[in-house]
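Here the structure is laid out as structure tokens; the discussion comes afterwards.
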Amino acid sequence: MKDYLTVLRDHITAHPPDLGVTDSVLNLLYEAYSECNPMADAQIKAGFHELYQLMNGVPLEKMDEIINPVCFLCREHERSGFVHGVQIGVLLARELAE
């Protein structure tokens with residue numbers, strides 16, 4: 001089995017998979033997960049509704065300057081939580097296997 005894993009690791013090193021715009025398999029898993037499970041629950045919708053209410057009267061360009069970084073931060077927070085959850089799951093699987 002060790003010989004097989006060595007050959008597999010060497011092959012992957014010599015021919016790395018194309019992960020698209022992401023830099024890791026975990027991020028690739030998150031991208032697939034987020035496409036199938038959009039995070040637009042009632043609490044998030046209410047929060048954005050409140051944010052838009054607070055920006056009432058603000059020019060559209062200025063609203064974009066505010067909303068775009070907020071959405072980026074929300075997505076990064078969600079991605080970070082997903083990746084951390086998978087990492088914890090792997091640690092749990094290791095502990096259970098011992």
Side-chain angles (χ1 to χ4, degrees):
M1 184 65 153
K2 286 184 180 182
D3 292 339
Y4 175 75
L5 290 176
T6 299
V7 169
L8 185 58
R9 284 187 187 117
D10 290 346
H11 178 77
I12 290 172
T13 300
H15 305 89
D18 180 8
L19 300 177
V21 296
T22 188
D23 60 351
S24 73
V25 174
L26 275 178
N27 284 335
L28 186 64
L29 285 173
Y30 166 72
E31 293 299 328
Y33 173 82
S34 68
E35 284 182 26
C36 295
N37 299 287
M39 295 293 174
D41 65 12
Q43 186 177 7
I44 292 171
K45 288 178 182 177
F48 272 101
H49 179 73
E50 182 179 348
L51 179 60
Y52 281 116
Q53 292 299 317
L54 292 170
M55 292 190 305
N56 191 14
V58 174
L60 188 57
E61 292 96 20
K62 191 68 173 170
M63 288 176 76
D64 286 345
E65 289 176 17
I66 296 168
I67 291 295
N68 290 341
V70 167
C71 290
F72 174 79
L73 289 172
C74 290
R75 181 168 164 75
E76 284 304 300
H77 180 73
E78 179 187 59
R79 185 196 61 75
S80 177
F82 177 87
V83 169
H84 186 69
V86 170
Q87 290 169 334
I88 294 298
V90 169
L91 291 175
L92 176 61
R94 283 183 186 167
E95 287 180 11
L96 292 173
E98 291 176 355

Reported CG-to-OG1 distance for the pair L8 and T13, which is rounded to 0.5 angstrom
9.5 Å
Distance, nearest 0.5 Å, that separates CG of N68 from CE of M63
11.0 Å
CA sep, side-chain torsions, deciding dist, call: I12, R9, side-chain contact (heavy atoms from CB on, under 4.5 Å):
CA-CA 5 Å; I12 290 172; R9 284 187 187 117; 5.9 Å; no
Consider only side-chain heavy atoms of I, L, V, M, F, W and Y, link residues closer than 4.5 Å, and tell whether I88 and Y30 are in one cluster.
no
Checking side-chain contact (heavy atoms from CB on, under 4.5 Å) for the pair Q87/V83: CA distance, chi angles, key distance, verdict?
CA-CA 6 Å; Q87 290 169 334; V83 169; 3.9 Å; yes
Got a second to check how far S34's OG is from L29's CG, nearest 0.5 Å?
11.0 Å
Just by modelled atom types, is the E76 backbone N or O under 3.5 Å from a matching donor or acceptor in the S80 side chain?
no
How long is the straight-line distance from CG of L5 back to CG of D10, given to the nearest 0.5 Å?
11.0 Å
If you round to the nearest 0.5 Å, how far is CD1 of I44 from NE2 of H49?
15.5 Å
Report the distance from atom CD of E31 to atom CZ of F82, rounding to the nearest 0.5 Å.
10.0 Å
Can you confirm whether more than 12 heavy atoms, excluding those of E50, are under 6.0 Å from its CD atom?
no
